[in-house]
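Heavy-atom basis, side chains included; hydrogens, waters and symmetry copies ignored. The structure displayed is predicted, hence computed values, not measured ones.
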Amino acid sequence: MITIALPSKGRMKEDASAIFEKAGLKVAAVGNERSYRGRIEGIDDVEIAFLSASEISREIGNGSIDFGVTGEDLIREGLAEADSRVEFCARLGFGHADVVVAVPDIWLDVNTMADLGDVAADFRARHGRRLAIATKYWRLTQQFFSRQHGIQLYRIVESLGATEGAPASGSADIIVDITSTGSTLKANHLKILSDGVMLKSEACLVRARKPEHDADPKVAEIIARIQAVV
Ligand SMILES: Nc1ncnc2c1ncn2[C@@H]1O[C@H](COP(=O)(O)OP(=O)(O)OP(=O)(O)O)[C@@H](O)[C@H]1O
Ligand SMILES: O=P(O)(O)OC[C@H]1O[C@H](OP(=O)(O)OP(=O)(O)O)[C@H](O)[C@@H]1O
C-alpha cells in the first residue's frame with residue numbers, strides 16, 4: 001500500500017487536489033466530506049491521508065507516508081539532511097513564499113548579510129546582549145547565519161506567530177520569516193537584505209526515500225503523472 005498525504009486545510013489544500021486531478025489521479029474522500037482518509041479513483045493500493053502542511057513534513061521524515069505535498073520550507077526546516085531522506089519529485093507551481101532575513105527600515109547602513117555580520121559582532125559591546133532574531137525557522141536560520149555567512153553571535157527567539165511585530169515590540173532585533181507579497185514586512189517597517197533570501201519555497205511533491213519503492217511501478221507512475229502536468 002502506498003500512502004500519499006495531501007494538505008487537509010490551509011492555503012495549499014485546493015491546489016494540491018487540483019494538480020492530482022489534472023494528472024488523472026482523482027482524489028475521493030472515503031466516508032463523508034470531512035473524512036481524513038481518501039483514495040484515488042480507479043487505482044487500488046494507494047491511500048490518501050489528509051494532514052496539515054507541517055504534519056506532512058514530519059510524517060515524510062519518519063517514513064510513515066510515502067509521498068506528500070507540502071512546502072519546501074517546511075521540509076527543509078523540519079528535517080536535518082533533507083535531501084538524503086526525501087526526494088523532491090516535482091515543484092508544483094503554487095504556495096510560493098520566500099524565507100527571508102529582514103531588518104528594521106531605519107537600519108540605513110545595513111543592507112547585506114556582511115553588514116549584519118558587523119552589527120552582530122559589535123552588538124554585545126554596544127547593547128550588552130546578543131543580536132536577537134525572531135523566527136520559527138530555527139534550522140534554516142542557523143544554517144544560513146552560521147554555516148553560510150559565518151555569523152555566530154546571535155540568539156534565536158522562538159516566534160510562533162506575528163513574527164514581523166517582534167522588532168517593534170522589542171522582543172527581537174530582526175526577523176527570519178516567509179513573505180509572498182511583501183505587504184506584511186512593509187506594514188511593519190522591515191526591509192529584506194539584498195542577499196537575505198534564504199530559500200525560495202513552493203509546494204512540492206516529495207517522496208520518502210524507501211528501498212521498497214525501487215521495485216514498485218506505482219511509485220514511478222505517480223511521479224511521472226505529476227511531472228507531466230507541472
Ligand atoms: N503568505 C504565506 N504565508 C504563509 N505561508 C505561505 C504563504 N505563502 C505560501 N506559504 C506556504 O504555505 C505553507 C504553509 O501552509 P499553511 O499555512 O496552509 O499550513 P497550515 O495548514 O497552517 O499548517 P499548520 O497549521 O500545521 O502550521 C508553507 O510551506 C509556506 O511556505
Ligand atoms: O508577504 P505577505 O503576502 O504579507 O505574507 C506573509 C505573511 O503571511 C503569513 O502569515 P498569515 O497571516 O498567512 O498567517 P500564518 O502565519 O498563520 O500562515 C506569513 O507568516 C507572513 O506573516
So, applying side-chain contact (heavy atoms from CB on, under 4.5 Å) with [X], which one of [options] is it?
X      : options                        : answer
Val99  : Met198, Glu77, Arg76           : Met198
Phe67  : Ile56, Thr3, Val206, Val219    : Val219
Ile175 : Val103, Asn188, Val101, Leu190 : Leu190

Taking all non-hydrogen atoms of both residues, which atom of [X] and which atom of [Y] are closest, and how far apart?
X      : Y      : answer
Val157 : Ala132 : CG2-CB, 3.9 Å
Cys89  : Gln227 : O-NE2, 2.8 Å
Arg207 : Lys210 : NH1-N, 3.7 Å
Val197 : Lys200 : CG1-CG, 3.9 Å
Ala102 : Ile174 : O-CB, 3.4 Å
Leu140 : Asp73  : CD1-O, 4.2 Å

Test item: [X] side-chain N/O and [Y] main-chain N/O as donor-acceptor pair under 3.5 Å:
X      : Y      : result
Ser194 : Asn111 : yes
Arg39  : Val30  : no
Glu202 : Gly93  : yes
Ser180 : Ala97  : no
Ser169 : Ala166 : yes

Under the criterion side chain to side chain contact (heavy atoms under 4.5 Å, CB included), I'd like the reasoning laid out for Thr135 against Ser159: C-alpha separation, chi angles, the key distance, then a yes or no. CA-CA 5 Å; Thr135 191; Ser159 166; 5.9 Å; no
Could you give me the CA-CA distance, side-chain angles and deciding distance for Ile226 and Lys22, then say whether side chain to side chain contact (heavy atoms under 4.5 Å, CB included) is met? CA-CA 8 Å; Ile226 297 291; Lys22 200 171 158 199; over 6 Å; no
Is the [atom1] atom of [X] crowded by more than 12 outside heavy atoms at less than 6.0 Å?
X      : atom1 : value
Glu81  : CD    : no
His189 : NE2   : no
Asp214 : CG    : yes

Identify every side-chain donor-acceptor pair in residues 7-18 under 3.5 Å, counting partners at least two apart or on other chains, and give the distances.
{"unit_1": "Ser8", "atom_1": "OG", "unit_2": "Leu51", "atom_2": "O", "d": "3.3"}

Distance in Å, Glu87 CD paired with Cys204 SG, rounded so as to fall on 0.5 Å steps: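 Output value for this atom pair is 11.5 Å.
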Mind jotting down which residue pairs meet the ring pair (Phe, Tyr, Trp, His ring centres under 6.0 Å) criterion with at least one end in residues 154-175? Sequence neighbours excluded, please.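 Matches after skipping sequence neighbours: Phe145-Tyr154.
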Among the clusters formed by ILVMFWY side chains lying less than 4.5 Å apart, do Leu199 and Leu92 turn up in the same one?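 Each belongs to a different hydrophobic cluster.
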Side chain to side chain contact (heavy atoms under 4.5 Å, CB included) between Ile48 and Tyr36, intermediate numbers included: CA-CA 8 Å; Ile48 304 291; Tyr36 286 104; over 6 Å; no
Report the C-alpha distance between Lys26 and Ile40 in whole Å, list the side-chain angles of each, state the deciding distance to 0.1 Å, and finish with yes or no for side chain to side chain contact (heavy atoms under 4.5 Å, CB included). CA-CA 5 Å; Lys26 190 167 187 329; Ile40 292 191; 5.8 Å; no
Does a side chain donor of either Asp177 or Tyr137 reach within less than 3.5 Å of an acceptor in the other side chain?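 No - no donor-acceptor pair under 3.5 Å links their side chains.
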